[in-house]
Amino acid sequence: MAIDADTKTFVLDTNVLLHSAQSIESFQDHDVVIPMAVIEELDKFKKNSDELGRNARRVIRTLDRLRELTSSEPGSLRLGVKLNLINPTANGRLFVLSAPNLSSDDPVRRSVDNVFGSELDLQSPDNRILRIAALLKNDGRDVVFISKDINLRLKADALGLKVMDYERGKVNNDSLYTGFATRSVDDEQINLLYRDRQISIDDPELLANQFLVLNAQSNPKHSALCRYDAEQKNIRLVSNYSEGVWNILPRNKEQKMAFDLLLDPDIQLVTLIGGAGTGKTLLALAAGLQQVLNSQLYDKISVSRPIVPLGNDIGFLPGSKDAKLSTWMQPIFDNLDLLLSQENEKKNKSSSRYSSESLQNMHKLELEALTYIRGRSIQRQYVIIDEAQNLTPHEVKTIISRCGNDTKMILTGDPYQIDNPYLDASSNGLCYTVEKLKGENIFGHITLAKSERGKLAALAAKKL
């Protein structure tokens with residue numbers, strides 16, 4: 001490999017390619033190295049029917065395409081091929097390398113052995129990947145090791161290598177868009193808003209469907225809650241929902257904002273982020289029941305959750321698809337049972353016949369596995385994707401792109417309760433969606449801050 005002082009060499013771990021098949025093309029003018037051990041590990045995943053399997057197959061096909069484009073030069077992947085053959089904006093080179101069998105007196109071999117010592121077993125694919133990176137560094141390359149495996153990054157750092165997580169698709173969770181802002185205004189503006197229900201405003205800092213909490217300058221308790229319409233350049237007063245939505249009364253301003261988005265048919269995608277007990281799933285289900293059973297805006301509610309267990313998996317579950325999913329969907333049933341049981345408290349008890357089972361029998365409620373969503377076209381449905389923080393950005397893109405014009409989708413989750421080992425609060429698909437779609441006219445987001453489940457749940461969310 002010819003050394004260019006201005007060119008970095010990025011050595012990619014297997015989990016980077018499984019996370020994003022496009023990662024090969026993401027390093028612009030720099031070189032990308034895929035160790036042979038990574039190819040061997042991709043081979044183990046290529047038969048999987050999940051997202052990991054699809055990414056593994058896509059990476060293998062990309063490498064094979066590069067090989068075919070340079071078929072007149074045998075060994076081209078080892079010698080380096082230009083990535084602009086498959087992506088005009090990627091001007092670096094791609095290498096597929098294996099660690100050479102060097103003689104015991106070779107200076108590079110001695111240097112590598114001194115680095116590795118006897119603690120790292122080279123039978124391990126991870127350690128063979130690190131050995132490639134160490135060899136390149138000893139050869140004078142400016143090497144950066146890229147991995148989503150924290151433990152492997154620690155080992156690489158201990159060996160003196162520069163290390164990074166794969167940053168593409170990551171957002172700054174500390175400054176994530178919350179969906180609302182607070183303004184201090186004249187009393188007259190608030191009075192005018194209550195009188196006319198809406199007033200014109202031209203504020204370049206506001207985003208489409210962003211909420212405003214207006215506080216009077218002379219009396220902070222005199223306030224108004226409104227939502228910005230980017231097309232009309234005005235703000236509209238938000239309802240108090242004093243009569244509730246399917247017997248659920250909002251308990252704080254964020255829940256009022258959430259209902260305003262959930263019940264607006266012009267908003268096709270809503271994201272709700274919040275900790276345990278903030279009401280994400282309950283609010284989404286209440287709005288869904290209202291619009292499916294009462295106003296009949298949609299034909300049915302479709303609910304999905306990623307199949308990612310907390311702690312040790314309980315293993316194989318017998319029965320049909322619905323029987324298997326019912327175990328994973330128990331949190332949904334808990335919320336549904338609460339909503340449907342409260343119908344008995346209404347004066348008109350005509351809806352008290354509803355139950356989770358009867359809604360499924362009437363085809364008004366469907367439990368769906370995300371595994372089978374690829375290729376579907378979802379029409380006239382109110383779709384809830386719960387625990388969306390366990391999805392990658394690409395998985396969220398695949399899910400959202402299934403929606404027709406008459407379908408509404410809600411993504412809910414808590415970025416601080418992630419069970420996927422290769423995602424965190426900054427790289428998960430839920431936060432990525434919020435950051436990339438904020439300001440779009442058919443998108444709305446709210447971060448729910450206060451736990452309303454109960455005193456014990458609120459204490460646990462705050463202190464533990």
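Nothing fancy with the numbering, it's 1 onward along the sequence.
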Looking at every non-hydrogen atom in both residues, tell me the closest pair between [X] and [Y] and how far apart they are.
| X | Y | value |
| --- | --- | --- |
| Y177 | A208 | OH-O, 4.4 Å |
| N234 | S200 | CB-CA, 3.9 Å |
| L391 | L423 | O-CD1, 3.4 Å |

Got a donor-acceptor contact below 3.5 angstrom from the [X] side chain to the [Y] backbone?
| X | Y | answer |
| --- | --- | --- |
| Q210 | L207 | yes |
| N335 | P331 | yes |
| D13 | V16 | no |
| N428 | A425 | yes |

* Step by step, would you call S26 with Y166 a side-chain hydrogen bond (donor to acceptor under 3.5 Å, both in side chains)? -> CA-CA 10 Å; S26 302; Y166 181 61; 3.0 Å; yes
* Asked: If you draw a 6.0 Å radius around CG in N361, do more than 12 non-hydrogen atoms from other residues or ligands fall strictly inside?
  ->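 Result for CG/N361: enclosed.
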* Look at atom CD1 of I150 and say whether more than 12 heavy atoms of other residues, nucleotides or ligands are closer to it than 6.0 Å. =>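 Result for CD1/I150: open.
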* Got L272 and L411 here, is their nearest side-chain heavy-atom distance under 4.5 Å? -> no
* Asked: Between atom OG of S302 and atom CD of Q381, what is the distance when rounded to the nearest 0.5 Å?
  ->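 Rounded to the nearest 0.5 Å, the OG-CD separation comes to 5.0 Å.
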* Drop me the distance from L66's CG to L83's CG, to the nearest 0.5 angstrom. =>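 Rounded to the nearest 0.5 Å, the CG-CG separation comes to 6.5 Å.
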* **Residues N91 and D29: side-chain donor-acceptor under 3.5 angstrom** => yes
* So, E387 versus Q389: side-chain donor-acceptor pair below 3.5 Å or not? -> yes
* Asked: Which salt bridge (charged side-chain N to carboxylate O under 4.0 Å, His left out) pairs, counting each pair once, include a residue from residues 431-444, with sequence neighbours left out?
  ->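 Residue pairs with at least one partner in residues 431-444: E435-K438.
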* Test side-chain hydrogen bond (donor to acceptor under 3.5 Å, both in side chains) on N127 and K155 and set out the steps. => CA-CA 9 Å; N127 294 339; K155 290 167 69 174; 2.8 Å; yes
* Determine, stepwise, if the pair T412 / D386 fulfils side-chain hydrogen bond (donor to acceptor under 3.5 Å, both in side chains). => CA-CA 5 Å; T412 70; D386 201 27; 2.5 Å; yes
* Are R380 and D406 within salt-bridge range, i.e. N to O under 4.0 Å? -> no
* Asked: Can you list every pair that meets side chain to side chain donor-acceptor pair (under 3.5 Å) and has a residue in residues 256-279, with sequence neighbours left out?
  -> R227-D260, R227-D264, R236-D260, N240-K256, Y241-D260, T271-H445
Counting only pairs under 3.5 Å, give me each side-chain donor-acceptor contact of residues 188-196, with atom names and distances, residues two or more places apart or in other chains.
| from | atom 1 | to | atom 2 | distance (Å) |
| --- | --- | --- | --- | --- |
| N191 | OD1 | H222 | NE2 | 3.1 |
| N191 | ND2 | D187 | O | 3.3 |
| Y194 | OH | S223 | O | 2.7 |

* Asked: When you look at D149 and S147, which way does the side-chain hydrogen bond (donor to acceptor under 3.5 Å, both in side chains) test go after all the steps?
  -> CA-CA 5 Å; D149 187 331; S147 177; 5.4 Å; no
